[in-house]
S.K.: 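Before I ask anything, let me first share the structure, which is written out below as structure tokens.
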Amino acid sequence: MVVSRTIAIVTMPGTIALDYSIAANVLGDQAGYRVLVCGEPAASAGVQIVPSHDLAAIAEADTVVVPGFEDPHIPPPDHYLDAIARSFDRGATTIGICTGTFALAASGITNRRQVTAHWQYTAQLQELYPDTKVLENVLFVEDGHLLTSAGAGAGIDLCLHLIRSDFGVDAELAAGKSFVAAPARPGAHPQYVDALTPPRSDLAETRYWAMENLSLPITVDQLARRSAMARRTFIRRFREETGMAPMRWLTLQRVLLARRLLEKSDWSIDRIADQSGMGTGANFRALFRKETGSSPSEYRRLHRS
């Protein structure tokens, strides 16, 4: 694959080595990305990060990634904040991983926008930057070309989400397989749950059946009956196992199938709408745009193999 996008990973004083390594490895292994490590040498937990480029190089990046850093209540140096703000203003996709969101907020680009961070820091983030709308207990948030994630695991989800957005579902699945990671969990998936994770996945068979029958009109009552559970019990158990409501999960599966069909087939929009269970072509177009930010035809043009 020809390199089509340049990624700049910004190393600030106190950059957290784990957050940096997630971005560097997941994105650095993706064909189609040229990854630059920009900034000044940073040390964290005995690990020395040596940039390949100075900070000025982020001006040529399509995507700027800011990993988490220590002591996020202390803003990074002004020259970092200015470089981040300039890149965002010129339209670069800008990503904050974990406490990296604090640097984005300090640069001024998160005002009146939705962001997230590790659950341990969301209250502090909201207090320091009251003009920013901080969402709690979600994995990642996408607000236009501003993307922010929770801690390290969510950083992997966000990197896989970026690969899917740039290169399609198959590229995301291949990247996940390379790192023995599941496909990116939806951003709205909770960072944590109050109840312990169920010891087994009792509803796996029901979910598998639904994925094999997405063209059918599937209801919550139907899924509950297949699981031999009362409706309310089923909904509660489904949330425990997946982190989301049954119909929300089903919608995401339909959109994922539609993405694959747009990438791999010559099928018409109406046929894909029917096969993925989204009804008419008009309904499919509206739902697909809501979930992905682009029309089916635009998505096909960008990601067609």
Side-chain angles (χ1 to χ4, degrees), residues 7-24 26-27 38-40 42 44-45 49 55 58 63-89 92-162 184-194 243-244:
I7 308 283
I9 302 176
V10 180
T11 57
M12 302 179 297
T15 291
I16 296 172
L18 177 59
D19 293 350
Y20 160 77
S21 65
I22 285 171
V26 177
L27 301 178
C38 305
E40 301 164 5
S44 172
I49 302 171
L55 196 59
I58 76 171
T63 300
V64 176
V65 181
V66 181
F69 64 104
E70 299 167 351
D71 300 323
H73 59 285
I74 303 175
D78 287 344
H79 58 288
Y80 279 94
L81 302 181
D82 291 343
I84 291 169
R86 285 195 301 271
S87 292
F88 182 79
D89 290 343
T93 297
T94 305
I95 294 175
I97 297 176
C98 194
T99 55
T101 303
F102 282 76
L104 306 189
S107 76
I109 68 174
T110 66
N111 289 347
R112 297 181 298 279
R113 292 181 178 273
Q114 294 185 344
V115 303
T116 196
H118 191 288
W119 62 268
Q120 290 181 309
Y121 295 98
T122 51
Q124 183 182 15
L125 179 63
Q126 187 67 83
E127 181 179 357
L128 288 173
Y129 304 100
D131 292 333
T132 297
K133 185 175 182 180
V134 180
L135 302 186
E136 299 183 4
N137 202 21
V138 294
L139 292 180
F140 62 86
V141 176
E142 182 172 14
D143 189 334
H145 60 291
L146 177 70
L147 295 89
T148 53
S149 81
I156 296 175
D157 290 306
L158 183 51
C159 287
L160 292 175
H161 172 79
L162 182 68
R185 295 169 291 178
H189 195 289
Q191 296 179 31
Y192 61 88
V193 293
D194 294 329
M244 65 189 75

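Owing to the predicted nature of the structure, the values given are computational and were not obtained by experimental measurement.
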S.K.: Heavy-atom distance under 4.5 Å between the side chains of Ile58 and Val10, does that happen here?
M.R.: yes

S.K.: Provide the full list of salt bridge (Lys or Arg N to Asp or Glu O under 4.0 Å) pairs with a residue in residues 97-124, sequence neighbours left out, each pair given once.
M.R.: Arg113-Asp143

S.K.: When you measure from the side chain of Thr99 to the backbone N and O of Phe69, does any donor-acceptor pair fall under 3.5 Å?
M.R.: yes

S.K.: How many angstroms lie between SG in Cys98 and CG in Leu158, if you round to the nearest 0.5 Å?
M.R.: 12.0 Å

S.K.: Would you check if Leu147 and Val141 make a side-chain contact, meaning some heavy-atom pair closer than 4.5 Å?
M.R.: no

S.K.: Please confirm whether the backbone N or O of Thr116 pairs with a side-chain atom of Thr101, one donor and one acceptor, at under 3.5 Å?
M.R.: yes

S.K.: Between the main-chain N or O of Val134 and the side-chain N or O of Gln126, is there a donor-acceptor pair closer than 3.5 Å?
M.R.: yes

S.K.: State the CG-OG1 distance between Leu139 and Thr148, to the nearest 0.5 angstrom.
M.R.: 11.5 Å

S.K.: What closest approach, in Å, do Leu104 and Gly96 show between heavy atoms, and which atom pair accounts for it?
M.R.: CD1-N, 3.6 Å

S.K.: Mind checking whether Ile97 and Val65 have side chains closer than 4.5 Å, heavy atoms only?
M.R.: yes

S.K.: What's the shortest heavy-atom distance between Pro75 and His73, and which atoms?
M.R.: CD-O, 3.5 Å

S.K.: For Ile22 versus Gly155, what's the shortest heavy-atom pair and its separation?
M.R.: CG2-C, 4.0 Å

S.K.: So Glu142 and His161, do their side chains get closer than 4.5 Å, heavy atoms only?
M.R.: yes

S.K.: What heavy-atom pair brings Thr122 and Leu135 nearest, and what distance separates the two atoms?
M.R.: CG2-O, 4.2 Å

S.K.: So, does Asp19 use its side chain to make a donor-acceptor pair with the main chain of Pro67 at under 3.5 Å?
M.R.: no

S.K.: Pairs under 3.5 angstrom only: tabulate donor-acceptor contacts from the side chains of residues 76-85 to other protein residues two or more places apart or in another chain.
M.R.:
unit_1, atom_1, unit_2, atom_2, d
His79, NE2, Glu40, OE2, 3.0
Tyr80, OH, Thr11, O, 2.9
Tyr80, OH, Glu40, N, 3.1

S.K.: What is the minimum heavy-atom distance between Ala92 and His145, and which atoms define it?
M.R.: O-CD2, 2.9 Å

S.K.: Please examine the side chains of Ile156 and Leu160, heavy atoms only from C-beta on, and report whether any two atoms are closer than 4.5 Å.
M.R.: yes

S.K.: For a 4.5 angstrom cut-off between non-hydrogen side-chain atoms, does Pro72 reach Tyr121?
M.R.: yes

S.K.: Please give me the minimum heavy-atom distance between Ala106 and Tyr129, naming the atom from each residue.
M.R.: CB-OH, 3.4 Å

S.K.: Is any side-chain heavy atom of Leu162 closer than 4.5 Å to one of Thr63?
M.R.: yes

